[in-house]
Protein chains: 2
Amino acid sequence: MALKYALLGLLTKNEATGYELNQQFKETMIHFWSAHHTQIYRQLVKMEEEGLVSSQVVHQVDYPDKKVYRLEDKGYEMLLQWLFSKEILPSTLKDDLLLRVSLFQLIPADEAIAFLERAKEQHMFGLGLMEKWRDSHFPEGEFNQEDLGEYLTSEFGQRYMQHWIEWCDWAIQVIKRTKEKGSDVK
Amino acid sequence: MALKYALLGLLTKNEATGYELNQQFKETMIHFWSAHHTQIYRQLVKMEEEGLVSSQVVHQVDYPDKKVYRLEDKGYEMLLQWLFSKEILPSTLKDDLLLRVSLFQLIPADEAIAFLERAKEQHMFGLGLMEKWRDSHFPEGEFNQEDLGEYLTSEFGQRYMQHWIEWCDWAIQVIKRTKEKGSDVK
DNA sequence: TATTTATATGTGTATTTTCACATATGTTCA
DNA sequence: TGAACATATGTGAAAATACACATATAAATA
């Protein structure tokens with residue numbers, strides 16, 4: 001359901017091909033969304049059938065032909081209606097890494113720490129990418145009104161990464177402390 | 001896939017019915033996971049077929065009969081194998097609220113602020129629940145070794161809520177500032 | 001010369017997740 | 001008495017998502 005609105009949202013900025021929309025998912029929407037490219041292509045076909053978007057095949061000499069999608073009025077209206085809807089559903093996390101963390105009592109402390117170190121590195125890498133992206137898109141923290149949403153969500157993504165990293169440090173310390181005690185307790 | 005391990009993980013603590021496992025999802029795993037009760041029941045049936053868990057129907061006088069699931073050796077082994085696997089996939093967010101935030105340039109500033117205020121309230125409510133839960137489970141921040149995972153992930157959940165709330169405050173300020181400038185800029 | 005990478009769009013299938021609905025029993029509250 | 005709620009487990013169907021594979025062109029790299 002929401003993927004539809006995500007695509008309509010991206011198309012408010014520019015017309016785009018399924019390929020480009022997939023790129024944008026991987027780049028700018030990485031802060032809060034993800035989608036497989038096959039899902040995007042299929043969703044676009046469906047949306048065209050519903051009259052929310054229209055497409056035009058553009059012939060290219062050097063590359064395969066591409067299909068450019070454009071937002072139609074009906075799609076824009078539907079998007080706005082969704083944006084103005086009053087219901088705010090609480091968002092739920094679904095995180096593989098944390099699921100494993102929740103079972104740390106089943107593995108040795110050293111394994112747990114190594115896992116957290118790697119998770120931390122991964123999120124530091126992610127943070128680096130986000131900072132880079134933000135610096136190039138919003139130098140000096142400046143942004144245009146039409147990029148407000150992106151500015152806000154990219155800050156969220158960056159802070160989320162920082163939160164992850166800080167929590168990793170905290171969790172590693174907790175495990176190290178319990179490990180010290182462990183000799184006489186457990 | 002991961003739901004299987006989530007259930008196996010919960011069953012390492014105690015044998016439980018599908019109903020109870022659903023409760024636990026809603027209570028303790030709210031920090032990082034969610035699942036519909038129908039999905040849990042179906043997954044349990046599948047896991048029993050695979051010999052990962054076994055079940056026993058317990059007759060009750062006052063309530064409908066219940067089906068208690070117990071972790072089998074094969075299930076425990078599979079869980080450990082998963083826990084020790086080296087691959088760490090980066091976790092991706094998927095958040096309805098943020099998708100709407102990403103399109104804030106399409107709605108009036110007042111609407112955007114109202115939305116963020118409500119989102120903030122909601123996360124403050126969530127934070128309250130988590131703090132309460134933590135106080136009752138880990139008074140004075142003390143925890144038993146067998147609850148290590150829960151202790152770590154609940155801290156994550158709590159910090160995540162705080163991160164959300166702080167970000168809401170920040171975003172509201174950003175929009176208020178652009179609103180002031182808005183009169184002469186856009 | 002062969003492999004990889006980038007451009008570009010898909011199909012078929014399987015899995016995962018959700019939604020609407022169904023069925024029981026007993027308690028509490030209006 | 002009737003409604004709502006908690007206990008307890010599911011089915012059928014739809015929707016969302018992911019996985020493996022397919023196709024085609026051209027550039028860059030090993």
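All values reported here derive from a predicted model rather than from experimental measurement. Atoms considered below: every heavy atom in the structure, side chains included; atoms not considered: hydrogens, waters and symmetry mates. Throughout, a chain's letter reflects where its sequence line sits, starting with A, and its residues are numbered from 1.
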K.L.:
Counting only side-chain nitrogens and oxygens, does B/Gln39 get under 4.0 Å of the OP1 or OP2 atom of C/dT16?
P.N.:
no
K.L.:
Could you state the atom-to-atom distance from CG of B/Asn22 to P of C/dT17 in whole Å?
P.N.:
14 Å
K.L.:
Among the nucleotides D/dA16, D/dA18, D/dT9, which one has an atom lying closest to any side-chain atom of B/Tyr19?
P.N.:
D/dT9
K.L.:
Closest to the B/Lys46 side chain: D/dA8, D/dC19, C/dT16?
P.N.:
C/dT16
K.L.:
Measure CG/A/Leu7 against P/C/dT9 and give the value in whole Å, please.
P.N.:
13 Å
K.L.:
How would you label the contact of B/Lys94 with the nucleic acid (heavy atoms, under 4.0 Å): base, sugar-phosphate, or nothing?
P.N.:
sugar-phosphate
K.L.:
Quick check on A/Phe84: does its CZ atom have over 12 non-hydrogen neighbours (other residues, nucleotides or ligands) under 6.0 Å away?
P.N.:
yes
K.L.:
Looking across every strand, which nucleic acid part, if any, lies under 4.0 Å from A/Gln43 by heavy atom: base, sugar-phosphate, or nothing?
P.N.:
nothing
K.L.:
Under 4.0 Å from OP1 or OP2 of D/dA8: is there any side-chain N or O of B/Gln60 that close?
P.N.:
yes
K.L.:
Of the options C/dT18, D/dT7, D/dA24, whose atoms approach the side-chain atoms of A/Pro64 most closely?
P.N.:
D/dA24
K.L.:
Does B/Lys67 have a side-chain nitrogen or oxygen under 4.0 Å from the phosphate oxygens OP1 or OP2 of D/dG10?
P.N.:
yes
K.L.:
Could you give me the CA-CA distance, side-chain angles and deciding distance for B/Trp33 and B/Phe25, then say whether side-chain contact (heavy atoms from CB on, under 4.5 Å) is met?
P.N.:
CA-CA 7 Å; B/Trp33 208 264; B/Phe25 263 98; 3.3 Å; yes
K.L.:
Are the side chains of A/Ser154 and A/Met130 in touch, meaning some heavy atoms are under 4.5 Å apart?
P.N.:
no
K.L.:
Between C1' on D/dT17 and CG on A/Leu3, what's the gap in Å once rounded to a whole number?
P.N.:
10 Å
K.L.:
B/Lys66 has a side chain; which of D/dA8, C/dT7, C/dG10 sits nearest to it?
P.N.:
D/dA8
K.L.:
What pair of heavy atoms forms the shortest contact from B/Ala35 to B/Leu3, and how long is it?
P.N.:
CB-CD1, 3.9 Å
K.L.:
Test for a donor-acceptor pair under 3.5 Å between the base of C/dT16 and the side chain of B/Arg42, counting only N and O atoms.
P.N.:
no
K.L.:
Could you state the CZ-P distance from A/Phe25 to C/dA8, rounded to the nearest angstrom?
P.N.:
18 Å
K.L.:
Measuring from the side chain of A/Tyr63 (C-beta onward, heavy atoms only), which nucleotide among C/dC19, C/dA8, D/dT7 has the closest atom?
P.N.:
C/dA8
K.L.:
Kindly indicate whether the side chain of B/Phe104, heavy atoms from C-beta on, has any atom under 4.5 Å from the side chain of A/Leu152.
P.N.:
yes
K.L.:
If only side-chain N and O atoms of A/Tyr41 are considered, is one of them under 4.0 Å from the OP1 or OP2 phosphate oxygen of C/dT9?
P.N.:
yes
K.L.:
If only side-chain N and O atoms of A/Lys4 are considered, is one of them under 4.0 Å from the OP1 or OP2 phosphate oxygen of D/dA15?
P.N.:
no
K.L.:
What is the separation between atom CD on B/Glu20 and atom P on D/dT7, rounded to the nearest whole Å?
P.N.:
10 Å
K.L.:
Which whole-number value in Å describes the distance from A/Met1 CE to D/dA14 P?
P.N.:
16 Å
K.L.:
Quickly work out the A/Trp33 CH2 to D/dA16 C1' distance and round it to whole Å.
P.N.:
10 Å
K.L.:
Any base atoms under 4.0 Å from A/Thr17, or only sugar-phosphate, or nothing? Heavy atoms, all strands.
P.N.:
sugar-phosphate
